[in-house]
Amino acid sequence: MFTDTHCHIYKEYYEDIKKILENAKECQINRMINNGCDKKSNEEVLKLSTQYKNIYGALGIHPENVDTYKEEDLKEIENNLTNPKIIAIGEIGLDYHYTKENKNRQIELLEAQLQIAEKYNLPVIIHSREATEDTINTLKKYHVKGVIHSFSGSKETALIYIKMGYLLGINGVITFKNSKLKEVIKEIPLENIILETDSPYLTPEPFRGKRNEPKRILEIAKFICELKNISLEELSKITNENIKRIFDI
Ligand code: NI
């Protein structure tokens with residue numbers, strides 16, 4: 001059995017969540033970590049993690065919401081961290097793809113959430129896009145563990161994150177024909193990676209372009225098994241141990 005360690009299962013993308021869970025189970029995916037990105041999605045994450053026993057939740061404010069979130073949204077996150085189904089702070093991070101102009105405010109928001117993670121001893125789920133240097137420097141200031149979600153950097157960057165104690169979240173990007181990620185992952189020990197879909201985004205080949213869902217973990221897993229020449233059972237065992245180490249589930 002596999003775990004989808006990063007997805008966005010919200011009603012605006014999926015009308016029948018029960019069906020999504022059934023599809024996942026048929027493809028050997030029995031758990032998922034649903035990530036919030038703003039006040040509204042955090043509320044949904046909380047609700048679904050209460051409703052379904054195999055959906056865990058992460059609460060956070062995504063960097064793309066840095067200009068619209070309110071201080072009280074962070075308070076609200078903090079108020080729900082004693083809930084046993086909320087197992088991480090995420091999705092949080094830095095994204096300079098569209099603009100760098102608000103980078104100081106992005107770093108401030110990230111630091112505020114890293115402080116919460118530190119205070120409650122929870123792992124973090126980090127989004128970093130075109131912001132590697134600032135991400136590394138900011139994370140180094142806090143004693144937290146976690147995952148670099150949707151990792152697609154170089155081997156050098158991978159080794160820096162690993163040395164800092166972070167796992168690399170690998171998704172459908174590894175199956176894309178123009179992606180260099182497979183070359184990097186070939187050389188990285190499996191003890192440092194976990195699998196994710198980032199549903200509804202980043203659907204793996206040969207389904208690229210369609211809406212993603214947690215069942216597609218199986219395509220990503222098969223791709224990595226071929227790359228590393230191991231069985232699905234071995235990959236499942238190792239990645240579940242990695243998840244246990246960081247998220248304690
Ligand atoms: Ni995401």
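Hydrogens, waters and symmetry mates play no part in the numbers below; they use all other heavy atoms, side chains included. Both ligands and their constituent atoms are indexed starting at 1 by order of listing. Throughout, residue positions are numbered sequentially from 1 according to the sequence presented.
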Is the count of non-hydrogen atoms from other residues, nucleotides or ligands lying under 6.0 Å from D16 atom CG greater than 12?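 Counting other residues, nucleotides and ligands, CG of D16 exceeds 12 neighbours.
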Is it the case that the side chain of E91 and the backbone of C37 share a donor-acceptor pair, with hydrogens and angles ignored and the cut-off at 3.5 Å?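 Pair absent, no side-chain N/O of E91 close to backbone of C37.
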With a 3.5 Å distance limit and no angle check, can you tell me whether K186 reaches the backbone of L227 through a side-chain donor-acceptor pair?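 No, the answer is negative, given that no donor and acceptor are paired below the 3.5 Å cut-off.
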The Ni ion (ligand 1) to nearest N/O/S of H127 less than 2.8 Å: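 Looking at H127, which is the residue asked about, there is no N, O or S atom under 2.8 Å from the Ni ion (ligand 1).
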With rounding to 10 degrees, what does the angle D198:OD1 / the Ni ion (ligand 1) / H6:NE2 come to?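 Computed angle, vertex at the Ni ion (ligand 1), rounded to 10 degrees: 90°.
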Qualifying residue, where the test is side chain to side chain contact (heavy atoms under 4.5 Å, CB included) with I107 and the options are T135, V66, D134: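 Among T135, V66, D134, the one that satisfies the side chain to side chain contact (heavy atoms under 4.5 Å, CB included) with I107 is D134.
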Atom of E91 nearest the Ni ion (ligand 1) (restricted to N/O/S, atom name only):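 Output for this pair reads OE1.
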